[in-house]
Amino acid sequence: MNKLVSIIMPNYNCEKFVGETIKSVINQTYTNWEILFVDDCSTDNSIKIAESFKDNRIRIFKNEKNSGAAVSRNWALREAKGEYIAFLDSDDIWVPEKLEKQIKFMEENGYKFSYSMYEEMSEDSVPLGKIVSGPKKINKRKQFDYCWQGCLTVMYHADTVGLVQIEDIKKNNDYAIWLKVCLKADCYLLSEVLAKYRKRSGSISRHGYGKLIKWHYKLFREAEKRSAFVSFFMMLRNLFFGLIKKTKYVKGIKA
């Protein structure tokens, strides 16, 4: 339980949230981690806030031009030194036991790829009364059905999976990573709420079906290099299983 965890944290204009996000990592009960913070030419003070944390476990990188989350994550993954890779966007937060519990879950069961449940909150950190879960086991076929995992909950074993690099797509680039990781390992659910996801006005879940169709199609056509016909078919499957996730795996919290 002393293995280094590399935390992939892309950032763009998150000055309102990034301090709370980094504090949620610093407050982890598991202390052997590094943050790979990649700033994508922010025009606010978010990078100054990140730099204000005088902690040598936080490694800061700056894109030369605004390039998007896919490019930022690729850079962080190339720089990662950890035996485990975890992901946390600069507006979400972890509960203090997140890393400790997830590493224990993986080590005790021999899992190489895992995720957990998470809670939704508003832009102002107000709980929205929803818990998001997913299938207990996601194999390769099931991973292609839908992006079941919340990015902020995912962890995988770096030596098993190897270096992951994805195409420069503007949306669904976290899903593009899972599609590559699932070729090396099945993903298992830790049935505890270990993170809090901030629902913001610009998030992919807030857009209409027209844009969702476009982004899911581009994922399979451009990132997965599938034919137009296969990409269209897989896009339709994604939309179908997205409805399944909302009805089966998104639950309200009982008062």
Side-chain angles (χ1 to χ4, degrees), residues 7-29 35 37-40 42-50 52-53 68-70 72-73 86-99 101-102 115-134 146-155 170-175 178 189-212 215-216 238-239 241-255:
I7 302 162
I8 309 302
M9 187 181 293
N11 173 75
Y12 179 70
N13 286 352
C14 280
E15 66 176 359
K16 184 179 177 181
F17 316 112
V18 68
E20 185 180 8
T21 297
I22 293 176
K23 285 178 183 177
S24 78
V25 178
I26 291 174
N27 291 335
Q28 289 294 301
T29 56
I35 291 176
F37 182 93
V38 183
D39 183 71
D40 196 22
S42 293
T43 58
D44 65 2
N45 292 315
S46 54
I47 192 165
K48 291 182 179 180
I49 294 171
S52 72
F53 290 91
S72 297
R73 287 186 173 123
F87 296 80
L88 182 61
D89 286 347
S90 52
D91 54 357
D92 298 326
I93 58 177
W94 285 344
V95 303
E97 302 83 10
K98 195 266 186 189
L99 290 178
K101 287 187 174 182
Q102 194 163 11
Y115 73 117
S116 76
M117 302 164 68
Y118 64 89
E119 180 180 358
E120 293 184 351
M121 62 181 178
S122 71
E123 288 199 34
D124 298 318
S125 302
V126 177
L128 295 177
K130 290 184 179 180
I131 299 295
V132 182
S133 183
Y146 196 68
C147 181
W148 305 101
Q149 305 96 322
C151 180
L152 68 168
T153 74
V154 168
M155 183 184 292
K170 301 307 178 185
K171 298 291 183 178
N172 280 330
N173 46 79
D174 54 340
Y175 188 15
W178 318 152
L189 172 69
L190 172 52
S191 298
E192 291 187 45
V193 176
L194 298 182
K196 296 181 181 181
Y197 171 73
R198 196 181 305 274
K199 292 202 73 171
R200 298 172 61 189
S201 57
S203 66
I204 190 170
S205 59
R206 296 290 184 93
H207 292 283
Y209 276 101
K211 288 187 175 180
L212 289 176
W215 291 331
H216 284 290
N238 254 225
L239 294 178
F241 281 102
L243 295 175
I244 297 295
K245 180 175 181 176
K246 287 184 178 180
T247 57
K248 186 175 181 179
Y249 295 117
V250 180
K251 304 296 183 182
I253 302 174
K254 295 181 180 179

Trainee: Just how far is it from atom CE of M155 to atom OG1 of T153, taken to the nearest 0.5 Å?
Mentor: 9.5 Å
Trainee: To the nearest 0.5 Å, what is the distance between CD1 (I49) and OG1 (T21)?
Mentor: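 Going from the CD1 atom of I49 to the OG1 atom of T21 covers 10.5 Å.
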Trainee: Measuring from atom CD of E97 to atom CD of Q28, what distance do you get when rounded to the nearest 0.5 angstrom?
Mentor: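 So the CD of E97 and the CD of Q28 are separated by 8.0 Å.
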Trainee: Measuring from L189:CG to M117:CE, what's the distance to the nearest 0.5 Å?
Mentor: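 L189 CG to M117 CE: 7.0 Å, rounded to 0.5 Å.
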Trainee: For residues W94 and L88, determine if any side-chain heavy atom of one lies less than 4.5 Å from a side-chain heavy atom of the other.
Mentor: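 Yes, side chains in contact.
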Trainee: Between S42 and I47, is there a side-chain heavy-atom distance shorter than 4.5 Å?
Mentor: no
Trainee: Where do Y175 and W215 land on the ring pair (Phe, Tyr, Trp, His ring centres under 6.0 Å) test, with the steps shown first?
Mentor: CA-CA 11 Å; Y175 188 15; W215 291 331; over 10 Å; no
Trainee: Does any part of the side chain of S90, heavy atoms only, come nearer than 4.5 Å to the side chain of M9, both counted from C-beta?
Mentor: yes
Trainee: Would you check if C151 and W178 make a side-chain contact, meaning some heavy-atom pair closer than 4.5 Å?
Mentor: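 Heavy-atom side-chain distance check passes, below 4.5 Å.
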Trainee: Heavy atoms, side chains only, cut-off 4.5 Å: are K23 and F53 in contact?
Mentor: yes
Trainee: Test D40 against R73 for salt bridge (charged side-chain N to carboxylate O under 4.0 Å, His left out), laying out the working first.
Mentor: CA-CA 10 Å; D40 196 22; R73 287 186 173 123; over 6 Å; no
Trainee: Set out, in order, the CA-CA distance, both residues' side-chain angles and the distance that settles side chain to side chain donor-acceptor pair (under 3.5 Å) for D124 and S122, then state yes or no.
Mentor: CA-CA 5 Å; D124 298 318; S122 71; 4.9 Å; no
Trainee: Quick one: pull up CD1 in I93 and CG in L152 and give me the separation to the nearest 0.5 Å.
Mentor: 9.5 Å
Trainee: Counting C-beta onward and ignoring hydrogens, is there a side-chain heavy-atom pair between P127 and E119 closer than 4.5 Å?
Mentor: yes
Trainee: Under 4.0 Å between a Lys/Arg side-chain N and an Asp/Glu carboxylate O for R198 and E20?
Mentor: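 Salt bridge flag = yes for E20 with R198.
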